[in-house]
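Notes follow the structure.
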Number of protein chains: 2
Amino acid sequence: MITLTEENYIKAIYHLGKYGVNNVSTNAIAKEMETKASSVTDMVKKLSEKSYVDYKKYQGVTLTQKGKEIAINIVRKHRLWEVFLVEKLNFSWDEVHEVAEQLEHIKSKKLISQLDAFLEFPTHDPHGDPIPDKMGHIKKIDKILLSEAEIGNDCICVGVQDSSSEFLKYLDKNNIALGTELKVCHREAFDNSITIKIKTKELIISNMIANNLFVKIS
Amino acid sequence: MITLTEENYIKAIYHLGKYGVNNVSTNAIAKEMETKASSVTDMVKKLSEKSYVDYKKYQGVTLTQKGKEIAINIVRKHRLWEVFLVEKLNFSWDEVHEVAEQLEHIKSKKLISQLDAFLEFPTHDPHGDPIPDKMGHIKKIDKILLSEAEIGNDCICVGVQDSSSEFLKYLDKNNIALGTELKVCHREAFDNSITIKIKTKELIISNMIANNLFVKIS
DNA sequence: AATAATTTTTAGATTTATCTAAAAATTATT
DNA sequence: AATAATTTTTAGATAAATCTAAAAATTATT
């Protein structure tokens, strides 16, 4: 049987390895898990024995097929629960993470397949992240960071990079939600801040904000 | 912070103490928790240190006010989740227990109050057990065991004592559900089996079955 | 009331996940 | 290429929850 801790390590390794990183380092995992490198080494050995990761001393780890399946299933559960919380229980998108972190570990195939159906098979969570299907397939959409959009582009907001409560509340305050249409009007060379137009209202956005908002050119 | 194990012990002590038993014995807890008496002693000391129970060596334990509140909150969560599973996710009443055992430990006040509202403030779970309200108040209905009903009584099924899958499936098979109306026709003195009539159909029920079905005289 | 049976506790060991401190290996810098 | 800095691992310790086996206390029986 897989433990809660093992699941959390596997999830952390999955997230760290997501963007083409082949061998996830011990220190990176330690940072992500808010624990010590020595603890990570111990756990990584255990995960390796259980064939969830491939591990060679001093070389970091990679998830095995088995490990990847577990990770994707946790992600699927996390995101489905987030949809449930927002759509059915009136949570706002900045409140769901903590609860979903707990709910993602509930073990019941029927629960998840029924929840999926109840939510009418959503494809994305409240932050715009894709929900893996029952088979673990993830459909990715071609989104870019707002900071990468060009002057004059008409965009539609489709996701966030940072899903911290602080960032999400900033977006709420400025009436930016998923689905919001905006136009990139101007980029300030000095600090890379950009001016965007939402409907008729202009808004200046720092580069840091633009670096955490995904858009699709429409 | 309270651990999962502590919560489960508190819940067990609550259930064992429910029917007027003041001091719950170590062995009773061990049986309920499927563990050894020595483990129980250890845990009971810990629960006592944390003021969840009153404990005197060799005298068993009683929940403190604090312990009782925790127990009732777990019961509330368990039963609300059971309603959710049956009403929204199409689980049958014999499938919900295991999943609810996991869900009952999720920590989020907002989650439970919103779930309660989403389910339209149910008062009873799918097995007829009352759901404590936000304040921990439990409204009990005057139900009796079918085995205690008298010949000629018109009854309505309102709950089950045993909520094992086997028993619930037996009831399903014989078209007995909560809300089902039945009449007690005859009691066989030899084995205390009783003949009941549901609509026009007669059915003979063993004393063991009658001992696990709650009814209200109508 | 003495003895037997049962229940409960204690003592000491085990497993899981963690830690600190030191050693070993790798990577970066001069 | 030697040394310094960093990363990773090892060794040994700790805390939580459990176990077995033996001792102590309680309860039941003769």
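Note that the structure is predicted; figures quoted are calculated from it, not measured. Each chain gets a letter, A, B and so on, in the order the sequences are listed, and its residues count up from 1.
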Could you check if a side-chain atom of [X] sits within less than 4.5 angstrom of a side-chain atom of [Y], using non-hydrogen atoms only?
X       : Y        : answer
A:Lys88 : A:Leu119 : yes
A:Asn73 : A:Glu69  : no
A:Thr35 : A:Met43  : no

Does [X] place a side-chain N or O at less than 4.0 Å from the phosphate oxygens OP1/OP2 of [N]?
X       : N      : result
A:Lys57 : C:dA24 : no
B:Thr26 : C:dT9  : yes
B:Asn27 : C:dT8  : yes
A:Tyr55 : D:dT9  : yes
B:Tyr9  : D:dT18 : yes

### Message
Base, sugar-phosphate or nothing for A:Ser39? Non-hydrogen atoms, less than 4.0 Å.
### Response
base

### Query
So what does A:Thr41 touch, heavy atoms closer than 4.0 Å: a base, only the sugar-phosphate, or nothing?
base

How close or far is atom [atom2] of [N] from atom [atom1] of [X], stated in whole angstroms?
X       : N      : atom1 : atom2 : answer
B:Lys45 : C:dT9  : NZ    : C1'   : 7 Å
B:Asn23 : C:dT8  : CG    : P     : 11 Å
A:Met43 : C:dT16 : CE    : C1'   : 8 Å
B:Leu47 : D:dA16 : CG    : P     : 13 Å
A:Leu4  : C:dT18 : CG    : C1'   : 14 Å
B:Asp42 : C:dA13 : CG    : P     : 15 Å

### Query
C:dT10, D:dA24, C:dC19: which one has an atom nearest the side-chain heavy atoms of B:Tyr58?
D:dA24

#### Entry: B:Phe167 to B:Asn212 - nearest heavy-atom pair and separation
CE2-O, 3.3 Å

#### Entry: Atom CD1 of A:Ile204: over 12 foreign heavy atoms under 6.0 Å
no

### Query
Between residues 29-38 of chain A and DNA chain D, which residues have a heavy-atom gap below 4.0 Å?
A:Ala37, A:Ser38

### Query
Across all strands shown, which nucleotide pairs with D:dA5 by Watson-Crick or G-U wobble geometry, both distances under 3.5 Å?
C:dT26

## Note on the structure
Taking a pair to mean Watson-Crick or G-U wobble geometry with both distances below 3.5 Å, C:dA13 pairs with D:dT18

### Query
Is B:Arg76 paired with B:Asp116 through a side-chain N to carboxylate O contact shorter than 4.0 Å?
yes

### Message
Check this for me, if you would: do A:Lys107 and A:Glu7 make a salt bridge, where the nitrogen-to-carboxylate-oxygen distance has to be below 4.0 angstrom?
### Response
yes

